Amino acid sequence: MSELDNRGVTDVADRLFDAIARSDIATVEQMFSPEVAVWHSGDARDNDHARAVRIIAWFVNATTDRRYEIVDRQLFDGGFVQQHILHANGRAGGSIAMRVCIVIKVGADGLIERVDEYFDPAEMAPLLSA
């Protein structure tokens, strides 16, 4: 199969961040390839599909709402790089406005195959505070 065109990659990006913003964990889970590898700043190794979904579920459940302010998105063959500010309010009252750079590779089947997410893990602290 050939790689997705730019419209297909843009659609994957838009659907992914929209699903997270709407607390739609099931859609995120379906968008990940069964063999997805996800790495975040601070991780010692890649996360597999099950752990990646658990991390998304934790984030959605730890926040009352979330919004992505896209600063820049650049497409490349089979994926994209995006810089955004992730705004979220935590259930315990804290909030974040965290600058993130994410690199996502998308397979020809439209499923996300790899995620590399760069951010300062310390900026998540307001969501962890009671």
Side-chain angles (χ1 to χ4, degrees):
M1 233 184 228
S2 63
E3 292 181 354
L4 287 182
D5 63 12
N6 286 348
R7 182 174 292 151
V9 170
T10 298
D11 180 57
V12 168
D14 291 344
R15 285 189 299 125
L16 175 66
F17 296 110
D18 179 64
I20 296 169
R22 291 183 299 101
S23 306
D24 188 350
I25 299 163
T27 293
V28 175
E29 184 174 13
Q30 293 168 358
M31 293 183 72
F32 284 166
S33 162
E35 294 81 32
V36 71
V38 178
W39 176 88
H40 308 95
S41 298
D43 286 349
R45 63 183 184 277
D46 292 344
N47 296 289
D48 64 11
H49 186 278
R51 179 151 171 75
V53 171
R54 282 195 306 272
I55 291 168
I56 294 286
W58 169 84
F59 177 69
V60 165
N61 292 324
T63 55
T64 58
D65 60 279
R66 61 220 68 75
R67 167 177 72 82
Y68 292 89
E69 178 185 340
I70 298 173
V71 176
D72 188 33
R73 181 186 289 165
Q74 298 292 319
L75 305 179
F76 59 84
D77 287 341
F80 66 97
V81 177
Q82 177 171 297
Q83 294 179 57
H84 57 254
I85 300 171
L86 172 56
H87 299 270
N89 293 305
R91 296 205 180 274
S95 65
I96 61 170
M98 185 172 70
R99 182 88 180 227
V100 177
C101 181
I102 193 164
V103 181
I104 296 184
K105 295 181 182 174
V106 182
D109 56 4
L111 297 178
I112 295 169
E113 295 179 339
R114 177 149 193 100
V115 177
D116 291 281
E117 190 172 25
Y118 302 86
F119 59 90
D120 181 355
E123 292 185 21
M124 294 291 277
L127 299 181
L128 304 173
S129 302

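Values below: every heavy atom of this structure, side chains too, minus hydrogens, waters and symmetry copies. Worth saying up front: this structure is predicted, and the values here are computed from it rather than measured.
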Over all atoms of both residues, closest heavy-atom pair of [X] and [Y]:
{"X": "Pro126", "Y": "Ala122", "answer": "CD-O, 4.4 Å"}
{"X": "Leu111", "Y": "Pro34", "answer": "CD1-CD, 4.4 Å"}
{"X": "Ser23", "Y": "Arg66", "answer": "OG-NH1, 2.9 Å"}
{"X": "Gly107", "Y": "Glu113", "answer": "CA-OE2, 3.3 Å"}
{"X": "Met124", "Y": "Phe119", "answer": "CG-CE1, 4.2 Å"}
{"X": "Leu127", "Y": "Gly94", "answer": "CD2-O, 4.2 Å"}

Is the backbone of [Y] close enough, under 3.5 Å, to the side chain of [X] for a donor and an acceptor to pair up by distance?
{"X": "Trp58", "Y": "Ala62", "result": "no"}
{"X": "Arg73", "Y": "Phe80", "result": "no"}
{"X": "Asn61", "Y": "Ala57", "result": "yes"}

Inspect the contact between Asp24 and Arg15 and indicate whether a charged nitrogen and a carboxylate oxygen are less than 4.0 angstrom apart.
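Looking at Arg15 and Asp24, the cut-off is not met.
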Charged N-O contact under 4.0 Å between Asp116 and Arg114
yes
Would you compute the distance between atom [atom1] of [X] and atom [atom2] of [Y] and round it to the nearest 0.5 angstrom?
{"X": "Lys105", "Y": "Ile112", "atom1": "NZ", "atom2": "CD1", "answer": "13.5 Å"}
{"X": "Glu35", "Y": "Asp48", "atom1": "CD", "atom2": "CG", "answer": "11.0 Å"}
{"X": "Glu117", "Y": "Gln82", "atom1": "CD", "atom2": "CD", "answer": "10.0 Å"}
{"X": "Ile56", "Y": "Phe32", "atom1": "CD1", "atom2": "CZ", "answer": "5.0 Å"}
{"X": "Ile96", "Y": "Thr63", "atom1": "CD1", "atom2": "OG1", "answer": "8.0 Å"}

Do [X] and [Y] have side chains that get closer than 4.5 Å, going by heavy atoms?
{"X": "Glu29", "Y": "Val53", "result": "yes"}
{"X": "Leu86", "Y": "Tyr68", "result": "yes"}
{"X": "Thr10", "Y": "Arg7", "result": "no"}
{"X": "Leu16", "Y": "Ile104", "result": "yes"}
{"X": "Val81", "Y": "Cys101", "result": "yes"}

Does Val71 sit in a hydrophobic cluster with other residues, and if so which ones, taking ILVMFWY side chains as linked at heavy-atom separations under 4.5 Å, directly or through other members?
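Besides Val71, the hydrophobic cluster comprises Ile85, listed by chain and residue number.
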I'd like to know whether CZ of Arg91 has more than 12 heavy-atom contacts from other residues, nucleotides or ligands below 6.0 angstrom.
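Yes, because the 6.0 Å sphere around CZ of Arg91 holds more than 12 heavy atoms from other groups.
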Option passing side chain to side chain contact (heavy atoms under 4.5 Å, CB included) with Ile55 (candidates Asn47, Val60, Val38)
Asn47
